[in-house]
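Below: one structure, written as structure tokens.
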Amino acid sequence: MDIKSFLQQNKDNIINDLSTLIGVRSVKSQPEDGAPFGREIRNTQLLAIEMCKREGFETTDAEGMIALADYGPMEKHIGVFSHLDVVPEGEGWDSPAYELTEREGFLVGRGVGDNKGPFIMSLYALKYIKEQNIPLNYGVRLIIGVDEESGMTDAEYYTENFVQPGFTFTPDSDFPVCHGEKGIYQTDFVSRQLGESAVICLEGGLAFNVVPDYAQCLVKAEFLERLREVALGNDRISLTETVDGIKVEATGVTAHAGTPFSGVNAINQLLNFLIKTEILSDDELKIARFITSIAGDVYGKAIGIDCDDKIFTPLTIIVGVASKAEGRYRANINVRYPTAMTQQALQQKMAALAEVNDLSLENTRSMPPFYLDPNLPAIVTLRGIYESLTGKDGTPYVMSGGTYARKLNNAVAFGPDFKDNKYPDWVGAAHMKNEALNIDDMMLAIEIYTEVLIRLQEVEI
């Protein structure tokens, strides 16, 4: 049976399996026994393991840290590394985020593209190879991740406890082949405990790697008239009187941290509004101005970290999450940096900024950039298959996003998104509302992945 006939025969099964995974809100939560990233992520992982067992693959469940499904000779093997954890859904969806919905030829739900759908694609690519008894020089390992969105500790666990594949691709990006990724640096700026102020509490953002589209704070009722005066004509600010005080809400436009210039940061909107009201204490004003200097300049010029290496796009920075609770302000920043910057230089700069602004740094993490030669035989093979099956130019590219590829020795990101395709305005990308996956694109991606796994058998890895 050819691959197109197989896909037509299995279309309903593919969608049903994806629907099963989408139905679980696999956002990272408090660890439990046997569920290091939270119960819902673990439940999703168990569902995926059962799907792999159903297809006759040999599975490994590493206590919830990672899961594997193997087929073929594993002395030297090819890896396909996807993940089942998702970012929070946010607001504004046209349909339930955790209920797979079909609309205008698209599948809609949190995780359809990032990254539950790609796991299903790799599962059915390997299912085809098994059912057709295609001979393998290298086995294939489906690596089922569960912490990609929150630090990739699952990938670190994998590399510490298992032999790495000879070559790996992660279906967590755009076609054609991504052979390099910017460095990622993140940290929390945290204030000391401040005294009494007009702002009772504040919160904004859902995840460190997303430009926030919503932020809110609660202000003492006595400042209502001043708030109304400054809010006049600002369509991104709304006020609501509550029994506890004045609820101030700010809206923005969400975007991935790798492309923040396409978004509007709601935290920046909220803090700029509060600055204009002149109700902040001197300490709060200093903090607010510092945070907005970052949130309002995605290229980091205001804090002196802007740079470009002519390989990647210029450095970008966001404030993804901010809060005030128990008298302390906290702002999480996320930097995507090219090879012209180092994590040591970033750390020194952030430490100096923290000291000047009477703040401390917490929860600092950094992953350096990586770059592979686009002329490596495996990359050339992926490019050729993409070009032959799509008729499009397959020149490899580099990006600002972060995938599992940076955690492995010989890995790239490869699909499943066709970045040049035009979709309806309602269609959301990864981390956005109405996240959607075109059904025809999904089928083509499975065909590409199947051919890749077959053709890589002829390449020295």
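Basis for what follows: all heavy atoms, side chains included, without hydrogens, waters or symmetry-related copies.
With values rounded to the nearest 0.5 angstrom, Thr403 atom OG1 is found 9.5 Å from Phe81 atom CZ. One distance of note links OG1 of Thr187 with CG of Leu361; it measures 4.5 Å at 0.5 Å rounding. The structure places CZ of Arg383 at 8.5 Å from CG of Asn375, a figure rounded to the nearest 0.5 Å. In this structure, CZ on Arg42 lies 13.0 Å from OG on Ser29, to the nearest 0.5 angstrom. Distance check, rounded to the nearest 0.5 Å: CG of Asp308 to CG of Leu315 gives 9.5 Å. For the atom pair CG (Asp172) and CZ (Phe414), the distance works out to 14.0 Å, reported to the nearest 0.5 Å.
Inter-residue side-chain proximity for Tyr404 and Asp154 is flagged as met; some heavy-atom pair is nearer than 4.5 Å. Taking the side chain as every heavy atom from C-beta outward, Asn410 and Thr168 never approach each other to under 4.5 Å. The closest side-chain heavy-atom distance from Ile439 to Leu107 is below 4.5 Å. In this structure, the side chains of Ile14 and Leu7 come closer than 4.5 Å at one or more pairs of heavy atoms. Side-chain contact check for Asp441 versus Asn421: some heavy-atom pair is nearer than 4.5 Å. The closest side-chain heavy-atom distance from Gln186 to Thr364 is not below 4.5 Å. Under the 4.5 Å side-chain criterion, counting only non-hydrogen atoms from C-beta, Phe162 is in contact with Tyr157. A 4.5 Å side-chain heavy-atom check between Tyr98 and Leu21 finds every atom pair outside the cut-off.
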CA sep, side-chain torsions, deciding dist, call: Asp94, Lys433, salt bridge (Lys or Arg N to Asp or Glu O under 4.0 Å)
CA-CA 8 Å; Asp94 297 334; Lys433 68 179 181 181; over 6 Å; no

Check the pair Lys130, Glu55 against salt bridge (Lys or Arg N to Asp or Glu O under 4.0 Å), reporting the backbone distance first and the verdict last.
CA-CA 9 Å; Lys130 180 176 181 291; Glu55 301 305 334; over 6 Å; no

Decide salt bridge (Lys or Arg N to Asp or Glu O under 4.0 Å) for Glu362 and Arg330; before the verdict, give the C-alpha distance in whole Å, the side-chain angles of both, and the deciding distance to 0.1 Å.
CA-CA 10 Å; Glu362 297 181 5; Arg330 179 182 295 269; 3.0 Å; yes

Just do the side chain to side chain donor-acceptor pair (under 3.5 Å) check on His83 and Asp114 with the steps written out, would you?
CA-CA 8 Å; His83 67 90; Asp114 187 20; 3.0 Å; yes

Quick one: do Asn10 and Tyr128 satisfy side chain to side chain donor-acceptor pair (under 3.5 Å)? Show the steps, please.
CA-CA 10 Å; Asn10 283 274; Tyr128 175 81; over 6 Å; no

Working for side chain to side chain donor-acceptor pair (under 3.5 Å), residues Asp393 and Thr395:
CA-CA 6 Å; Asp393 176 47; Thr395 301; 3.0 Å; yes

Verdict with supporting geometry, Thr313 and Lys182, side chain to side chain donor-acceptor pair (under 3.5 Å):
CA-CA 9 Å; Thr313 55; Lys182 279 182 175 177; 3.1 Å; yes

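Comment: Glu131 engages Lys127 in a salt bridge, judged by a side-chain N to carboxylate O separation of less than 4.0 angstrom. A salt bridge is absent between Glu149 and Lys28: the closest approach of a Lys/Arg side-chain nitrogen to an acidic carboxylate oxygen does not fall below 4.0 angstrom. Under 4.0 Å is where a charged nitrogen must lie from a carboxylate oxygen, and between Lys407 and Glu156 at least one such pair does. Using a cut-off of 4.0 Å between Lys/Arg side-chain N and Asp/Glu carboxylate O, Arg110 and Glu89 are scored as not salt-bridged. Under a 4.0 Å N-O distance rule, the pair Arg39/Glu32 qualifies as a salt bridge.
A side-chain donor-acceptor contact under 3.5 Å links Thr390 to the backbone of Tyr386.
A side chain to side chain contact (heavy atoms under 4.5 Å, CB included) with Ile294 holds for exactly one of Asn268, Ile317, Ile318; it is Ile317. No option in Glu203, Glu249, Gln269 other than Glu249 meets the side-chain hydrogen bond (donor to acceptor under 3.5 Å, both in side chains) test with Tyr214.
Residues Phe189 and Tyr329 keep their aromatic ring centres 6.0 Å or farther apart.
Side-chain atoms of Gln347 and Tyr185 form a donor-acceptor pair, as typed in the model, at a separation below 3.5 Å. The closest side-chain donor-acceptor pair between Thr44 and Lys116, if any, does not fall under 3.5 angstrom. Looking only at atom types and distance, the side chain of Asp188 has a donor-acceptor partner in the side chain of Asn332 under 3.5 Å away.
Shown here is Gln30, whose CD atom has no more than 12 heavy atoms of other residues, nucleotides or ligands within 6.0 Å. Environment of NZ in Lys4: sparse, with no more than 12 heavy atoms of neighbouring residues, nucleotides or ligands closer than 6.0 Å.
A cation-pi arrangement, defined by a distance under 6.0 Å to the six-membered ring centre and an angle within 45 degrees of its axis, is present between Lys419 and Tyr397.
Sorted by first and then second residue, the ring pair (Phe, Tyr, Trp, His ring centres under 6.0 Å) pairs with a member in residues 415-441 read Phe106-Tyr423, Phe106-Trp426, Phe175-Phe418, His256-His431; sequence neighbours excluded.
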